[in-house]
There are 2 protein chains.
Amino acid sequence: MIKIGELAKISGCSVQTIRHYEKEQLLSAKLRSDGNFRLYDHADIERLLFIKHCRSLDLSLAEIRQLLTLHHSPMSQCDDVNQMIEQHIEQVERRIAELTLLNKQLKALRRSCTSKRTVEHCGILKQLNKAVSQSN
Amino acid sequence: MIKIGELAKISGCSVQTIRHYEKEQLLSAKLRSDGNFRLYDHADIERLLFIKHCRSLDLSLAEIRQLLTLHHSPMSQCDDVNQMIEQHIEQVERRIAELTLLNKQLKALRRSCTSKRTVEHCGILKQLNKAVSQSN
DNA sequence: TTAAAGTCTATAGTAACTATAGAGTCAATA
DNA sequence: TATTGACTCTATAGTTACTATAGACTTTAA
Ligand SMILES: [Zn+2]
Ligand SMILES: [Zn+2]
Ligand SMILES: [Zn+2]
Ligand SMILES: [Zn+2]
């Protein structure tokens with residue numbers, strides 16, 4: 001059995017993050033030492049690494065909680081897992097599209113300034129203001 | 001002079017958002033009515049639309065505050081504005097790259113499930129677990 | 001006159017952490 | 001053995017840009 005600091009080292013999560021996951025019911029130390037220190041075993045390490053991998057895919061803690069539950073009810077169907085992943089993919093693709101558009105706009109904005117001018121004549125601020133009077 | 005509700009309608013921001021911008025020192029009603037209601041004029045409308053446009057470019061409130069300050073010190077140089085916009089572009093591009101990678105991984109994960117199986121044999125959960133034992 | 005709609009301040013919640021404070025525990029050294 | 005330092009504990013507040021209340025007050029219209 002290891003203490004939280006070692007689990008943090010092994011997993012690459014911070015100690016606070018591990019305690020946070022406990023509060024969020026993703027991972028719990030089943031045992032405590034005499035001095036009330038959390039104690040973890042190998043299964044806990046694997047569970048935390050699973051969580052970490054899911055987080056690297058930007059899954060929310062709520063989604064991970066759901067996956068962990070399904071994980072431990074092996075007779076349930078795949079459909080829930082599938083649907084979640086698909087929705088997640090859609091969300092990521094929406095965000096990519098948004099940011100791509102944003103990027104274009106920002107670059108156009110950037111081009112409107114040729115520097116070495118005073119802000120008074122700055123194309124960037126002019127552009128930002130033009131947009132204002134247009135939408136107004 | 002208009003009240004906050006009308007400013008909200010004109011700008012498309014919510015009333016709470018406008019009050020929030022005031023707390024964040026982006027926009028203030030210089031006048032109050034007898035009954036202590038905020039009163040706004042045309043300049044305020046423009047200022048709020050400017051803020052809104054900047055927000056649509058995902059600029060943070062702190063960045064917008066900085067732009068508004070420069071805006072009203074017309075003799076300062078463009079460089080600060082430029083640098084901010086450039087950093088912002090870099091950040092957006094980093095995020096796009098991250099999400100693009102994420103998207104690939106999620107799609108691969110999605111392909112590993114052919115549905116209609118029980119979770120016990122689900123390729124998705126198997127994949128997520130494989131990654132765990134690999135990094136372990 | 002009274003009811004509805006609008007506004008006020010202050011406070012809490014959102015997501016997933018991060019960072020304290022203040023107290024207790026443990027291992028190793030002097 | 002005493003004490004230092006590292007570690008851990010709980011609880012609380014901060015981050016970002018809002019959103020959503022509660023409870024009181026003001027204004028407008030019927
Ligand atoms: Zn998701
Ligand atoms: Zn410029
Ligand atoms: Zn930025
Ligand atoms: Zn499956």
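Letters A, B, ... mirror the listed sequences (proteins, then strands); counts begin at 1.
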Of all the heavy-atom pairs spanning B:L7 and B:I45, show the shortest one and how long it is.
CD1-CG1, 3.8 Å
To check you understand the geometry: which heavy-atom pair defines the closest contact between B:A29 and B:R38, and what is its length?
CB-CB, 3.8 Å
Is there a side-chain contact between B:R38 and the phosphate of C:dC8, meaning an N or O under 4.0 Å from OP1 or OP2?
yes
Which ones in residues 94-102 of chain B lie close to DNA chain C, meaning a heavy atom under 4.0 Å from one of its atoms?
none
Please list all pairs meeting salt bridge (charged side-chain N to carboxylate O under 4.0 Å, His left out) that have one or both residues in residues 89-98 of chain A, counting only residues at least two apart or in different chains.
A:E93-B:K107, A:R95-A:E98, A:R95-B:D58
Sub-3.5 Å pairs of nitrogen or oxygen atoms, protein against nucleotides 21-30 of chain D:
residue	atom	partner	partner atom	Å
D:dT27	OP1	B:G35	N	3.1

Five-pair end axes of the helix from C:dT1-D:dA30 to C:dA30-D:dT1, angle between them (10°):
30°
How about B:K30: does its NZ atom have over 12 heavy atoms from other parts shown lying under 6.0 Å from it?
yes
Counting only side-chain N and O atoms of A:R32, is one of them less than 4.0 Å from OP1 or OP2 of C:dT25?
no
Shortest non-hydrogen separation from B:L39 to B:S33 and the atoms involved
CD1-N, 3.6 Å
Listed pairs, N/O of protein and of nucleotides 1-4 of chain D, under 3.5 Å:
none

Taking N or O atoms only and anything under 3.5 Å, show me the protein contacts with nucleotides 14-18 of chain D, one pair per line.
residue	atom	partner	partner atom	Å
D:dA17	OP1	B:L61	N	3.3
D:dC18	OP2	B:Y21	OH	2.9
D:dC18	OP2	B:R55	NE	2.8

I'd like to know if the side chain of B:K52 and the backbone of B:C13 have a donor-acceptor N/O pair within less than 3.5 Å.
no
Nearest heavy-atom contact between B:M84 and B:L59 is SD-CD2, 4.5 Å
